[in-house]
Engineer: 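Below is the structure I would like to discuss, written out as structure tokens.
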Amino acid sequence: MSVQPQVRRLTLTDLEKRHRASEKLVMLTCCDASFAALSEAAGVELLLVGDSLGNVVQGQESTLPVSLSDICYHTAAVRRGSKTAMIVADMPFGTSQISPEETFRNAVPLMAAGAQMVKLEGGAEMAETTRFLARRGIPVCGHIGLTPQSVHQLGGFRVQGKSETDAERLLADALALEAAGAAMLVLEALPAALGETITKKLRIPTIGIGAGAQTSGQVLVIYDMLDISPGKKPRFVKNFMAGAESVQAAVATYVREVKAGTFPSAEFSY
Ligand code: KIV
């Protein structure tokens with residue numbers, strides 16, 4: 001499938017239209033102006049200012065130390081560097097867990113910095129907060145499955161939803177978030193069959209990271225897919241830099257493979 005050049009910034013309405021047309025959605029993490037410009041020139045539609053920047057930029061062991069001002073700073077940089085991509089900003093640990101009102105207050109500087117949507121980790125327990133934000137003009141992306149902010153509760157970075165009970169709970173979480181008004185849902189580290197089941201039950205798009213090829217779109221951490229980040233990568237990370245002539249060519253290959261539905265293949269799925 002050919003990638004149509006985008007001439008203005010993608011809106012939620014554009015996103016919904018592409019999803020209704022069964023177009024795969026392409027997201028990458030991004031935390032600076034240069035990668036923002038390069039990624040969207042290669043066809044990336046959604047830039048996620050993810051709190052994984054704690055790991056790959058700050059050198060932290062987890063995403064827990066990332067602050068709201070860190071995400072605001074990087075969101076503003078991404079906004080300045082991009083013209084066409086939709087910008088989604090993560091709500092870091094501690095900024096969305098206490099109450100809907102406090103979450104709204106914390107989302108305000110992210111939207112002011114240039115985000116068009118905020119991402120919250122958590123399932124049905126985040127439905128009330130999702131509803132509160134969505135009804136007050138802030139589009140929300142949910143994030144279920146492996147939620148790195150809960151790494152200590154989950155007992156490590158493990159694939160989620162392997163048992164029938166866990167799979168049913170994750171499906172119920174997804175439905176609760178959609179009913180609460182979430183605009184999109186990230187599914188992280190799930191068996192591919194569960195990624196597909198959840199996607200088929202929802203009207204909103206799902207963005208998979210280690211959730212198989214049948215989700216509505218894909219996201220990867222850019223430092224991982226360019227093989228910049230040190231250490232062992234999760235199974236779902238493909239090194240798009242291998243054999244690529246340039247960073248932009250590597251990102252363009254990722255875009256092409258996601259749009260064609262060929263990434264992730266079984267090798268990169270659970
Ligand atoms: O912070 C991040 O990079 C994320 C992705 C893993 C979805 O939340």
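Atoms within each ligand, like the ligands themselves, are counted from 1 in listed order.
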Engineer: Taking only heavy atoms of E188 into account, list the atoms of ligand 1 that are under 4.0 Å away from them.
Structural biologist: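 Per the distance check, 6 (C).
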
Engineer: Taking 4.0 angstrom as the limit and counting only heavy atoms of T29, give me the atoms of ligand 1 inside it, by number and element.
Structural biologist: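 Counting from 1, the qualifying ligand atoms are 3 (O).
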
Engineer: Do E45 and R18 sit within salt-bridge range, that is, some charged N less than 4.0 Å from a carboxylate O?
Structural biologist: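 Answer for the salt bridge query: yes.
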
Engineer: Within the 4.0 Å heavy-atom shell around G50, which atoms of ligand 1 are there?
Structural biologist: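 Every atom of ligand 1 under 4.0 Å from some heavy atom of G50: 1 (O), 2 (C).
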
Engineer: Show the atoms of ligand 1 that are less than 4.0 angstrom away from any heavy atom in V221.
Structural biologist: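 Listed by number with element: 3 (O).
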
Engineer: Please identify which atoms of ligand 1 are closer than 4.0 Å to at least one heavy atom of K119.
Structural biologist: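 Here the atoms of ligand 1 in question are 4 (C), 8 (O).
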
Engineer: Taking non-hydrogen atoms only, is L48 closer than 4.0 angstrom to ligand 1 via side chain, backbone, both or neither?
Structural biologist: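 Under 4.0 Å from ligand 1, L48 contributes side-chain atoms alone.
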
Engineer: So, F236 versus F268, ring centres under 6.0 angstrom or not?
Structural biologist: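 Distance test on ring centres: not under 6.0 Å, no.
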
Engineer: Using a heavy-atom cut-off of under 4.0 Å, does the side chain or the backbone of D90 touch ligand 1, or both, or neither?
Structural biologist: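 Just the side chain.
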
Engineer: Which atoms of ligand 1 sit under 4.0 Å from any heavy atom of I209?
Structural biologist: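 Reading through ligand 1 atom by atom, the close ones are 6 (C).
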
Engineer: Only heavy atoms of H143, strictly under 4.0 Å: list the atoms of ligand 1 that pass.
Structural biologist: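 Per the distance check, 8 (O).
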
Engineer: Would you call K200-E196 a salt bridge at under 4.0 Å N-O?
Structural biologist: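 Yes, this pair counts.
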
Engineer: For atom 3 (O) of ligand 1, what is the closest protein heavy atom, and at what distance to 0.1 Å?
Structural biologist: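 For atom 3 (O) of ligand 1, the nearest protein heavy atom is S52 OG, 2.6 Å.
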
Engineer: Taking 4.0 angstrom as the limit, do D227 and K233 come out as a salt bridge?
Structural biologist: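 Judged by the 4.0 Å cut-off on N to carboxylate O distance, D227 and K233 do form a salt bridge.
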
Engineer: Is the shortest side-chain N to carboxylate O distance from K83 to E40 below 4.0 Å?
Structural biologist: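 Salt bridge: no.
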
Engineer: So which residues get pulled into Y73's cluster when ILVMFWY side chains under 4.5 Å apart are joined, directly or through others?
Structural biologist: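 Via sub-4.5 Å side-chain contacts, Y73 links to none.
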
Engineer: Answer yes when R8 and D14 have at least one side-chain N-carboxylate O distance shorter than 4.0 Å, and no when they do not.
Structural biologist: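 Result for this pair is yes, salt bridge flagged.
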
